[in-house]
Amino acid sequence: MVTMDQSAELLALAVSVARSASDLAARMRADGVAAVATKSTATDVVTAADRAVEQFVRDALREARPDDAVLGEEYGGGRDGARVRWILDPIDGTVNYLYGLPQYAVSLAAEVDGVVEAGVVRNAATGREWTATRGGGAFAGDARLAVSGETDLGQALVGTGFGYAAPRRLHQAQVLAGLIGHIRDIRRFGAASIDLCLVAEGTLDAYYEQGLNPWDHAAGGLIAAEAGALVTGLDGAPPGPDMLVAAPPALHGQLHDRLSALGAAEGP
Ligand code: LIP
């Protein structure tokens, strides 16, 4: 448990580092982007900016708080016995970044004793920034956020995403085929951290995705929860790689039950 002052201090550092990291990502994008490697599949790309931005954030955090641990998408990391662990996606929405689609973000969360206490998501293309501290609310700039008031799944605009492996994508498409006739429509923007912030501000009614990593949702999940969303897995599980569902309480059960019936957390 941390005090509000401690979480505010962690958030201030996260925001400062994320803004500088976001500027670096934008500069490197302007200079031209190319994939320098692939990870899980031929379409799971890494750019030089992913690596450079993560190294920048690691260096900044080490200078400010040398005893903290860092878990990042590109260079991994553990807890190393530290109370505070930073969870980082240097560029969430890497494919968007590669193509120049303005939906990619620096996502940085501070976890204390295993609980995310502060987080920031900053769209590096547009500069839109979302923040939260646990118990302190969620904000876009100075505007306090609240989730959608929609109560009918059939009227809900729902975000989702798809994995990099074809067998997983086919399963996800089958789940979507079973869902799409029961919602207003689907949106696939390509960056989970931003999708979660759109739920927090009510510009998406709900979001779900299978296959997320901790760095995809650590910050955005806190922001969505602090704006009033329920952020869970399926059938009592916590949000994680099997499934993440984020929705206002009035919609969460309807979406959850359909996803559970469709076996959304199963498959390859
Ligand atoms: C992305 C996620 C997105 C998912 C993509 C990809 P990355 O993360 O934010 O929700 O649908 O397949 O995993 O790889 O750009 O950091």
Side-chain angles (χ1 to χ4, degrees), residues 18 21-22 25 28-29 33-55 57 70-77 87-109 119-125 128 130 158-173 175-176 179 186-200 204 206-224 231 233 239-247 259 264-265 267-268:
S22 173
M28 293 186 74
R29 181 79 193 61
V33 175
V36 294
T38 59
K39 294 188 289 190
S40 61
T41 69
T43 57
D44 184 3
V45 296
V46 180
T47 71
D50 289 281
R51 292 175 173 171
V53 170
E54 178 158 334
Q55 193 56 59
V57 172
V70 180
L71 169 63
E73 178 172 11
E74 307 311 334
Y75 297 117
I87 304 174
L88 166 67
D89 193 333
I91 299 178
D92 185 31
T94 296
V95 173
N96 288 343
Y97 184 76
L98 183 67
Y99 279 75
L101 295 168
Q103 287 279 356
Y104 46 88
V106 176
S107 176
L108 183 59
V120 56
V121 174
R122 186 176 175 90
N123 185 322
R128 188 155 178 77
W130 302 268
V158 179
T160 194
F162 304 96
Y164 289 114
R168 165 64 59 86
R169 295 163 65 81
L170 288 170
H171 168 70
Q172 291 169 321
V175 170
L176 180 57
L179 178 67
I186 207 77
R187 292 290 184 271
R188 198 282 199 255
F189 292 121
S193 58
I194 295 177
D195 292 331
L196 286 162
C197 293
L198 297 183
V199 170
L204 278 178
Y207 165 72
Y208 75 95
E209 186 161 354
Q210 177 190 28
L212 296 181
N213 291 296
W215 44 80
D216 293 319
H217 64 83
L222 176 66
I223 292 163
V231 183
D242 290 342
M243 181 53 63
L244 181 147
V245 184
L259 290 172

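Because only heavy atoms are used, hydrogens play no part in the values below, and waters and symmetry mates are left out as well, while side chains stay in. Keep in mind that this is a model prediction, so the values were computed, not measured. Counting starts at 1 for both ligands and their atoms, in listed order.
Close approach to Asp216 involves these atoms of ligand 1, each under 4.0 Å from a residue heavy atom: 8 (O), 9 (O), 16 (O). Close approach of ligand 1 to Thr94 is summarised as follows: ligand atoms under 4.0 Å from at least one heavy atom of the residue are 15 (O). Atoms of ligand 1 lying under 4.0 Å from any heavy atom of Glu209, numbered from 1 in the order shown and given with element: 3 (C), 4 (C), 10 (O), 11 (O). Atoms of ligand 1 found under 4.0 Å from any heavy atom of Glu73 (numbered from 1 in listed order, with element): 14 (O), 16 (O). Remark: ligand 1 atoms within the under-4.0 Å shell around heavy atoms of Asp92 are 1 (C), 2 (C), 7 (P), 8 (O), 9 (O), 15 (O), 16 (O). In summary, the atoms of ligand 1 found under 4.0 Å from a heavy atom of Gly161, numbered by their order in the structure, are 11 (O).
Backbone and side-chain nitrogen or oxygen atoms of Asp89 are examined, and one is located within less than 3.5 angstrom of a nitrogen or oxygen of ligand 1. For ligand 1, the polar-atom distance check finds an N/O of Phe162 within less than 3.5 Å of one of the ligand's N/O atoms. The shortest N or O to N or O distance between Ser193 and ligand 1 is not below 3.5 Å. Of the N or O atoms in Ala192, one or more lie within a sub-3.5 Å distance of an N or O in ligand 1. Here's the thing with Gly93: one of its N/O atoms is less than 3.5 angstrom from an N/O atom of ligand 1.
Put simply, OG1 on Thr160 and CZ on Arg187 are 13.0 Å apart, with the number rounded to the nearest 0.5 Å. Taking CG of Leu196 as the reference point, atom NE2 of His217 lies at 8.5 Å (rounded to 0.5 Å).
Judged by the shortest distance from any of its heavy atoms, Ile91 lies inside the 4.0 Å radius around the atoms of ligand 1.
The closest donor-acceptor contact from the side chain of Asp92 to the backbone of Ser193 lies under 3.5 Å. Between the side chain of Glu54 and the backbone N or O of Asp89, no donor-acceptor pair lies under 3.5 Å.
Taking a cutoff of 4.0 Å between a charged side-chain nitrogen and a carboxylate oxygen, Glu73 and Lys39 qualify as a salt bridge.
Counted within 6.0 Å of OH on Tyr99, heavy atoms from surrounding residues, nucleotides or ligands total 12 or fewer; the atom is thus considered open.
Annotation: atom 14 (O) of ligand 1 to nearest protein heavy atom, Tyr164 OH, 2.7 Å.
Between the side chains of Asp44 and Thr41, no donor-acceptor pair is found at a separation under 3.5 Å. Donor-acceptor pairing under 3.5 Å is recorded for the side chains of Asp50 and Thr94.
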* Checking side chain to side chain contact (heavy atoms under 4.5 Å, CB included) for the pair Leu179/Tyr208: CA distance, chi angles, key distance, verdict? -> CA-CA 11 Å; Leu179 178 67; Tyr208 75 95; 3.5 Å; yes
